[in-house]
Amino acid sequence: MTMTNAIDPLEWVPASGHQLRLAGVHFDAVRIEGLRGELAAAQLIEAADGDAGPVVCEVTGFRWMYFLLAPGEVRRHRWPLGVQRFGERGSRTATYIGVPALDGNTWPLRWYSEPSERTPYVDAERLLKVFESTVM
């Protein structure tokens, strides 16, 4: 039997309900409000042939859409106006993002696009291309 130090790339997804996770540790996040976020998510999913990686939707209030990127990705790119960034190293604030379980009651959060072992994070380059093609 071989021991490994590998960490499950989806260990940040809770088994039930939802939990807060610190942005910049397990993932970085970009957030877009309401219909603009939903349109961007739909285009991202289409561009990725249905396997876009993790996108979390708040189903109440402003209906924020959170695109979860690999740790360190937020600071590597220039994001358009209207896109809020979370997880940058050196930031003076800590931001926690709600992450729903893959099954069961996760209200008020839901997966718009689920993470998978193949796609544990949203591809930042693909997301930026979606933003470029969408009027933000």
Side-chain angles (χ1 to χ4, degrees):
M1 178 188 216
T2 308
M3 296 282 294
T4 178
N5 289 333
I7 296 174
D8 179 355
L10 301 178
E11 53 109 9
W12 46 268
V13 177
S16 63
H18 59 275
Q19 292 183 348
L20 296 176
R21 300 288 190 225
L22 181 61
V25 174
H26 299 288
F27 52 79
D28 285 356
V30 294
R31 175 173 90 168
I32 307 170
E33 184 180 354
L35 184 57
R36 291 181 351 179
E38 290 177 30
L39 290 172
Q43 289 180 2
L44 178 68
I45 292 165
E46 183 177 330
D49 294 324
D51 192 17
V55 180
V56 176
C57 176
E58 286 184 2
V59 296
T60 61
F62 292 110
R63 297 187 56 83
W64 293 107
M65 223 27 116
Y66 294 85
F67 299 83
L68 307 185
L69 313 173
E73 282 297 302
V74 162
R75 70 175 176 270
R76 291 188 182 114
H77 304 280
R78 291 183 54 98
W79 299 94
L81 291 175
V83 174
Q84 296 178 328
R85 305 174 309 268
F86 304 106
E88 294 179 275
R89 297 268 184 215
S91 174
R92 294 181 183 199
T93 60
T95 303
Y96 290 85
I97 307 295
V99 177
L102 294 174
D103 295 309
N105 182 5
T106 62
W107 189 88
L109 304 173
R110 72 173 180 89
W111 288 108
Y112 202 86
S113 173
E114 292 183 359
S116 66
E117 287 186 24
R118 198 181 95 169
T119 313
Y121 302 106
V122 168
D123 180 287
E125 296 291 335
R126 182 176 280 153
L127 182 58
L128 283 165
K129 287 178 184 172
V130 165
F131 291 158
E132 288 172 5
S133 68
T134 305
V135 178
M136 297 298 291

J.: According to a 4.5 Å side-chain heavy-atom criterion applied to Ile, Leu, Val, Met, Phe, Trp and Tyr, with indirect links allowed, do Val25 and Tyr96 form part of one hydrophobic cluster?
T.: yes

J.: For side-chain contact (heavy atoms from CB on, under 4.5 Å), just list the numbers for Phe67 and Val83, CA-CA rounded to whole Å, side-chain angles, deciding distance to a tenth of an Å, and then say yes or no.
T.: CA-CA 10 Å; Phe67 299 83; Val83 174; over 6 Å; no

J.: Measure the spacing between CZ of Arg126 and CZ of Phe131 and express it to the nearest 0.5 Å.
T.: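 The CZ atom of Phe131 is 13.5 Å from CZ of Arg126, to the nearest 0.5 Å.
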
J.: From Trp64 CH2 over to Arg36 CZ, what is the distance, rounded to the nearest 0.5 angstrom?
T.: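 Trp64 CH2 to Arg36 CZ: 8.5 Å, rounded to 0.5 Å.
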
J.: For residues Gly17 and Thr106, report the shortest heavy-atom separation together with the two atoms involved.
T.: O-CG2, 3.2 Å

J.: Mind checking whether Leu35 and Met65 sit in one hydrophobic cluster, side chains of I, L, V, M, F, W, Y counted as touching below 4.5 Å?
T.: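 No; tracing contacts between hydrophobic side chains, which count when under 4.5 Å, never links both residues.
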
J.: Less than 4.5 Å apart, any side-chain heavy atom of Ser113 and any of Leu44?
T.: no

J.: Is a donor on one side and an acceptor on the other found under 3.5 Å between the side chain of Trp111 and the backbone of Asp103?
T.: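 Not a single qualifying donor-acceptor pair exists.
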
J.: For Glu46, is the CD atom crowded, meaning more than 12 foreign heavy atoms sit under 6.0 Å from it?
T.: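 Not more than 12 within 6.0 Å, no.
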
J.: Ignoring hydrogens, what is the shortest heavy-atom contact between Ile32 and Ala40? Give both atom names and the distance.
T.: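 In this case the closest contact between Ile32 and Ala40 is CD1-CB, 4.4 Å.
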
J.: At what distance, to the nearest 0.5 angstrom, does CG of Leu68 lie from CZ of Phe27?
T.: 5.0 Å

J.: Using every non-hydrogen atom in the two residues, find where Asp28 and Gly87 come nearest and quote the distance to one decimal.
T.: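 Closest approach of Asp28 to Gly87, heavy atoms only: OD1-O, 3.5 Å.
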
J.: Please find the pair of heavy atoms, one from Glu117 and one from Pro120, that lie closest to each other, and give the distance.
T.: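 Where Glu117 meets Pro120 most closely, the heavy atoms are O-CD, 3.7 Å.
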
J.: Answer whether the closest heavy-atom distance between the side chains of Tyr121 and Glu73 falls below 4.5 Å.
T.: no

J.: Does a side-chain heavy-atom distance below 4.5 Å link Val30 with Leu127?
T.: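 Counting from C-beta outward, Val30 and Leu127 do come under 4.5 Å.
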
J.: If you measure from CG on Asn105 to CZ on Arg110, what distance do you get to the nearest 0.5 Å?
T.: 13.5 Å

J.: Do the non-hydrogen side-chain atoms of Pro54 and Val122 ever get within less than 4.5 Å of each other?
T.: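 The answer is yes; the side chains approach within 4.5 Å.
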
J.: Would a hydrophobic clustering, with Ile, Leu, Val, Met, Phe, Trp and Tyr connected at side-chain separations under 4.5 Å, put Leu22 with Leu20?
T.: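 As far as the 4.5 Å side-chain criterion goes, Leu20 and Leu22 are connected within one cluster.
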
J.: Would you give the length of the straight line joining atom CG of Asp123 to atom CG of Asp51, rounded to the nearest 0.5 angstrom?
T.: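 Reported to 0.5 Å precision, the distance equals 11.0 Å.
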
J.: Taking the side chain as every heavy atom from C-beta outward, state whether Arg21 and Pro14 have any atom pair closer than 4.5 Å.
T.: yes

J.: Which pair of heavy atoms, one from Pro100 and one from His18, lies closest together, and at what distance?
T.: CA-CB, 3.8 Å

J.: Taking the side chain as C-beta and beyond, is there a heavy-atom pair between Val55 and Ile45 under 4.5 Å?
T.: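 Contact flag for Val55/Ile45 side chains = no.
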
J.: Can you tell me how far CZ of Arg85 sits from NE2 of His77, rounded to the nearest 0.5 angstrom?
T.: 12.0 Å

J.: Taking the side chain as C-beta and beyond, is there a heavy-atom pair between Leu128 and Trp79 under 4.5 Å?
T.: yes

J.: Considering all heavy atoms of both residues, which atom of Arg31 and which atom of Phe86 are nearest to each other, and what is their separation?
T.: CB-CE1, 3.6 Å

J.: Under 4.5 Å between side-chain heavy atoms, counting indirect links through other Ile/Leu/Val/Met/Phe/Trp/Tyr residues: same cluster for Leu39 and Phe62 or not?
T.: no

J.: Kindly indicate whether the side chain of Leu10, heavy atoms from C-beta on, has any atom under 4.5 Å from the side chain of Trp12.
T.: yes

